[in-house]
Structure formats: C-alpha cells, structure tokens
Amino acid sequence: MLSLNYIREHQQEVIDRLAIKNFNGKEVIQKIVLLDDQRRETQKKLDDLQAQGNVLAKEIGLLFQSGKSAEATLLKEQTAELKEKAKSLDQSFEEIKKELDEVLVRVPNLPHPSVPTGKTPDDNLVVSQEGEIVPVAATAVPHWDLTTKYDLIDFITGNKITGAGFPLYKGKGARLQRALINFFLEEALKAGYQEVQPPYMVNAASAYATGQLPDKDAQMYHVGLDDMYLIPTAEVPVTNIYRDTILKAQELPVRNVAYSACFRREAGSYGKDVRGLNRLHQFDKVEIVQIAHPDHSYDVLEEMKAYVTGLLRKLGLPFRVLKLCGGDMSFTSALTYDMEVWSSAQARWLEVSSVSNFETFQSNRMKLRFRDENGKMNMPHTLNGSALALPRIVAALLENNQAPDGIRIPPALVPYTGFDMIS
RNA sequence: GGAGAGAUGGCAGAGUGGUCGAUUGCGGCGGUCUUGAAAACCGUUGACCUGCAAGGGUCCGGGGGUUCGAAUCCCUCUCUCUCCGCCA
C-alpha cells in the first residue's frame, strides 16, 4: 500500500496519478487524510493520559514502599478516573485505525510516470517485436486439435476428474511440461537466481501482503475449513518469504526463482479466450522474484525483461513486448511489461509473461525493510515476472512448429525433452 | 489424534508484580594497539507511532483479563519441541 506520509504530502499528485489507473481517488484520499488527522489527535490524547497514569503508578509504588498507604489510596482514585477516560479514547482510536486501514488497503499503487494512459488492452504500448510472423497456412491446426491428434493433452478426462480448466497431460505432452519446467529453472539458475520450492497454499496474511486480498479473493480457490488459499502464482509465497523482515543493504538484490502449479478461478471468462490451453484453472509456471534497492529497481526491471525475452528467443517464438497502459495494469504494479507470443494457427498474440515493478507497495504492506548504507531503515522495491507460464508457450510451440510429419521441438529444448519430434 | 514442556532483542540465554525496553554472552558497528590482520582492551548496538525539537507513547508469540502498576499472575488462541499413535 501507499505510505501515509507520501499521501499526506502529495495529495494532488496522488489523485492525478491514480487517475491514470482509472481510479478516482479524490474522495478516498481526502478521507484518508481526515482519518489520519483524527488518528494522530486521538493518539496524542491517549499518550498523554497514559503518561499521567505511568507517573501516578510510579508515585503510588513509592508511597507504598515508604509505608504511606493512606496517600497511596488517595492517588489510586485519580488513576481510576484516568483509566475511564483512556478506555473510551482507546476504543475510538482502534476504530479510527481500523477504518483508515480498510480504506488505505484498497488504494492501488501509483503508476510510474512513463505509464501510458488508456483504458483497455488496445491502449498498451508496443515496445518491441521480434521473430517472423508466418502467414497462417491453410492447413494450420489450432493447438486444441493438435493435442488431441498427438494424444498430448486430454481435456475431457481432466474435466471428468476435476472440471473444466484442469487438463490431463499425457505421454509426450506430460514430458514436454516437465522439460519446459526444467529448462526454465536451469536458465534461471544460470542467470543467478536461487531456486526455492514454496508451499502451494498460503494463509490470509500472505495473500494480503502481495495484494490478492482483500479485493481479489474471488480469483483464488479458498480452502474454507483451514482458511487457506491456493496460490494463483508463486509470487505470493516467494515474496512472503520476506514478510516482516529486515534485510541488509548488501543482501540486495535478492533473486529467487520458483516453479509452482498455479490455481485461478478466473470467474466470468468464456468463448475462444478459454479454449484449449488459453486459460486454465490449474497451470504450471516458473516465476522470478527480485527484491531490489530502490535506486536500481528499474534497471532490474529492464534486466528481467531482457531475461524473459531471451527465453522466448531461445525457444524460437515470435514475440512482442508491451508496456501496459494505466487501465490494464494490476492493482499492485507501478510498471508492467507483458510479453506475448504469436500463435500462428489462432492468428493472435498470447500473453505468456508479465514483468512488474511494485516499488514499495508490497514492501509497505508486508513490513519488508532493509537497512541502507547509512544504517537507516528503508523500504526495498519488489519485482516479479513469469519466466515463463507454460500453457500458452505450449500452445504456441505446437501451433508454430507444426509440419506434415509432426511437431518440431526447438533445439534448446531437446536436451530436456529427450525427443526432437512429436509425431 | 493423545500426554507433557516451552515461546524474551540478529542468535544464545537471564529475569516470576514496581526504578525492566529488559542482566549477560556471542554476533554487528566504531576506536586503541599493529606494516596489515588476529588477539586483547574501550565504546556502541532493537522496532514502531507521535513531535521542529526536547520529550511522550507502544512492543518480551497473538488476543483478552486481574492490578495503582504485568515480560512476570489468570483465560484463550497460534506455533515450536519431546514422547506415544498413525503415515507418504
């Protein structure tokens, strides 16, 4: 979340920048400042009362020790009064704090100054494009037919076992999944990331910290009996490793990579968007997460973008990079690049990665700090990106590499698959 | 799942009703000594809120209670450890 001090000192700027995210912040910001004023005022009164009480308690103790119990008893009566006052004050203090927090936690992150204005994905800015977009061959088959033809993925049985959006991978389809996961992990290790294996379920505190709660709870599967959430991305558990911690400046940047299955309810989707591998309830993803010094976080973001595009290049997939417009950005992000691969048989771009800088938004929520070069407390920036999400990569690989005799596996992947053709 | 023990600062570990935000050791930081380092010695070393500052307030796993006063007593929750049971 945004820091209170920043909001107080830059009210108009905050409102203006939130507008780029199509968030009308005028009333909310005013309310926040008002509540915070009340909070400070109440706290001052409360502190004064408590200070008085502390003095009295000390005096009473001394009086008792020196045997002047009559005087002590007299003072005790004063304390009762103080306590009465403090009690009601404390109650309103807690109420104010709660209300302030509830409002504050729903304010999105401020977009970076370079974020383009816009409301829909059409307003995203194409930063770069690479690779040959081959015209769709008349014989080109979409991946959902290819997976059936070569018996790679069984959507019907997955549906029987669980439901729509839970595919069953089989044979070379399953092996391709495993190969991609390994390929992505090994590449990340070479690039200096440390591998971690996080839990697939998180508690509410973790989901709050990265920004999935309170507003996006409907997008997560919730295990009610134990009040846990299935992770929508490894970002949640991996970033939460550092919740409530104080890092040293020399520990930055922290670079973690994790493979996990991801679970998304994605209520409300329909049509061709959800066909085949385009949108699933359970999918595999390798995620990179960095915690960076605020001075360098945008260099880190560029480095992560370059890393992800490097992966796409190695897989031989045509891709483009988008800088998301304000309206298409996530609640928590300050700047996001999306990577899309060209799916030749569907003749459309498929989002396969999203790389974001959250600046201090998550750090602030999760009380992640670091001691800077001067020994001062400071908040680091958190960043993450998919590197990469599997299903749409598989879709593009199948569609783009199809030939009459089967599907070619990109050379970079062959050491991991153990086969170079699917036929 | 059953029984017992415990949760204190970066770590270890004292503290069982008042001057305890907390003894001490290790670690960290600064210094003396040294060509340099080590050792030794000296000093320093928690976080948060509030305030221009001085200061004030809060925090000893979380929440609640008793008391003029709680790290210390009571209730409750969570977690950890030991033993037993079960088990990939």
Side-chain angles (χ1 to χ4, degrees), chain A residues 1-9 32-105 197 199-209 213 223-229 237 240-252 254 261 291 360 362-380:
Chain A
M1 61 193 168
L2 302 178
S3 92
L4 265 174
N5 279 336
Y6 193 87
I7 293 177
R8 293 184 70 97
E9 285 159 27
I32 286 171
V33 173
L34 187 74
L35 281 169
D36 192 46
D37 284 341
Q38 287 174 20
R39 189 201 110 235
R40 288 179 193 209
E41 201 182 313
T42 314
Q43 188 184 339
K44 179 85 180 78
K45 286 186 196 160
L46 203 55
D47 284 358
D48 287 345
L49 281 180
Q50 252 149 1
Q52 287 177 45
N54 287 343
V55 171
L56 281 177
K58 231 171 234 183
E59 280 179 31
I60 291 169
L62 289 173
L63 285 173
F64 270 125
Q65 273 169 21
S66 51
K68 300 174 182 166
S69 56
E71 292 172 46
T73 312
L74 218 60
L75 279 185
K76 273 196 194 182
E77 283 167 27
Q78 283 189 42
T79 336
E81 253 176 75
L82 282 180
K83 272 172 84 173
E84 202 53 44
K85 277 194 218 166
K87 199 177 171 186
S88 67
L89 210 52
D90 187 55
Q91 205 172 4
S92 54
F93 181 64
E94 291 302 325
E95 277 165 22
I96 292 166
K97 259 198 343 197
K98 192 175 163 217
E99 194 180 349
L100 177 59
D101 193 53
E102 274 169 11
V103 180
L104 195 58
V105 89
Q197 242 186 63
Y200 286 5
M201 286 202 263
V202 295
N203 54 31
S206 291
Y208 259 100
L213 290 180
V223 182
L225 205 55
D226 297 295
D227 195 21
M228 289 174 178
Y229 296 86
N240 269 283
I241 295 170
Y242 305 94
R243 173 151 54 88
D244 291 321
T245 57
I246 301 170
L247 297 167
K248 295 180 186 126
Q250 63 265 29
E251 290 177 285
L252 301 178
V254 170
I291 299 171
T360 59
Q362 292 180 330
S363 298
N364 196 28
R365 277 190 173 221
M366 72 171 81
K367 294 198 180 71
L368 162 60
R369 288 158 294 166
F370 77 103
R371 213 177 281 282
D372 67 19
E373 306 72 23
N374 307 316
K376 286 217 154 205
M377 235 16 129
N378 205 339
M379 277 187 287

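Protein chains get the first letters and strands the later ones, always in sequence-line order, with residue 1 at the start of each.
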So does K97(A) pair up with D101(A), basic N to acidic O under 4.0 Å? no
Among L89(A), D47(A), D37(A), whose side-chain contact (heavy atoms from CB on, under 4.5 Å) with T42(A) holds? L89(A)
Set out, in order, the CA-CA distance, both residues' side-chain angles and the distance that settles side-chain contact (heavy atoms from CB on, under 4.5 Å) for K76(A) and I60(A), then state yes or no. CA-CA 7 Å; K76(A) 273 196 194 182; I60(A) 291 169; 4.2 Å; yes
For RNA chain B, the dot-bracket pattern of Watson-Crick and G-U pairs whose distances stay under 3.5 Å, | for other-strand partners: ((((((((.[[[..)..(.....]]]((((((.......))))))(((((....))))).[[[[[..)....]]]]])))))))....
rA12(B) and rG64(B), which share atom name P, separated by this distance in whole Å: 28 Å
At what distance, to the nearest 0.5 angstrom, does CG of L35(A) lie from CD1 of I32(A)? 8.0 Å
Distance, C1' atom - from rG27(B) to rC75(B), rounded to whole angstrom: 38 Å
Please indicate whether Q91(A) has more than 12 foreign heavy atoms, meaning atoms of other residues, nucleotides or ligands, lying under 6.0 Å from its CD. no
Might you confirm whether atom CD of E81(A) has over 12 heavy atoms from other residues, nucleotides or ligands at distances under 6.0 Å? no
Separation of K87(A) NZ from L46(A) CG (nearest 0.5 Å): 13.5 Å
N/O to N/O distances under 3.5 Å, protein versus nucleotides 71-81 of chain B:
none

Between residues 37-50 of chain A and RNA chain B, which residues have a heavy-atom gap below 4.0 Å? R39(A), R40(A), Q43(A), D47(A), Q50(A)
Taking the C1' atom in each of rA40(B) and rG57(B), what is the distance between them to the nearest angstrom? 42 Å
For atom NZ of K367(A) and atom P of rC59(B), their distance in whole Å: 16 Å
Counting distance only, does the side-chain N/O of R371(A) pair as donor-acceptor with the main-chain N or O of I246(A) below 3.5 Å? no
How long is the gap from CD on Q52(A) to CD on Q50(A), to the nearest 0.5 Å? 10.5 Å
Here the residues of residues 80-98 of chain A within 4.0 Å heavy-atom distance, strictly under, of RNA chain B are K83(A)
In whole angstrom, give me the gap between the C1' atoms of rU8(B) and rA71(B). 7 Å
Can you tell me how far C1' in rG63(B) sits from the matching atom in rG13(B), rounded to whole Å? 27 Å
Output for pair (T245(A) OG1, I291(A) CD1), nearest 0.5 Å, gives 6.5 Å
For the C1' atoms, the ones on rC29(B) and on rG10(B), what distance do you get once it is rounded to whole angstrom? 13 Å
Side chains of K58(A) and L62(A) in contact at under 4.5 Å (non-hydrogen atoms): no
Does R371(A) put a side-chain nitrogen or oxygen below 4.0 Å from OP1 or OP2 of rG10(B)? no
Figure out the OH/P separation between Y242(A) and rG10(B), and round it to whole Å. 18 Å
Indicate yes or no: does K83(A) engage D90(A) in a salt bridge with an N to O separation below 4.0 Å. no
I'd like to know if the side chain of T360(A) reaches the main chain of S363(A), judged simply by a donor and an acceptor atom lying under 3.5 Å from each other, with no hydrogens or angles considered. no
Would you call R39(A)-D36(A) a salt bridge at under 4.0 Å N-O? yes
What distance do L2(A) atom CG and R365(A) atom CZ have between them, rounded to the nearest 0.5 Å? 9.5 Å
Has Q197(A) got more than 12 heavy atoms of other residues, nucleotides or ligands less than 6.0 Å from its CD? no
Report the distance from atom CZ of R8(A) to atom C1' of rU50(B), rounded to the nearest whole Å. 11 Å
Figure out the CE/C1' separation between M377(A) and rC48(B), and round it to whole Å. 10 Å
What is the distance from CG of D36(A) to C1' of rG51(B), rounded to the nearest Å? 14 Å
Figure out the NZ/P separation between K248(A) and rU45(B), and round it to whole Å. 18 Å
Strand contacts (RNA chain B) in residues 51-61 of chain A, 4.0 angstrom heavy-atom criterion: A51(A), N54(A), A57(A), I60(A), G61(A)
Whole angstrom value for the distance that separates P of rA47(B) from CE of M379(A): 15 Å
Would you mind reading off the distance between L368(A) atom CG and rA47(B) atom C1', rounded to a whole angstrom? 15 Å
Given the C1' atoms of rG61(B) and rU80(B), what is the spacing between them in whole Å? 10 Å
For Y200(A), all residues meeting ring pair (Phe, Tyr, Trp, His ring centres under 6.0 Å), sequence neighbours excluded: none
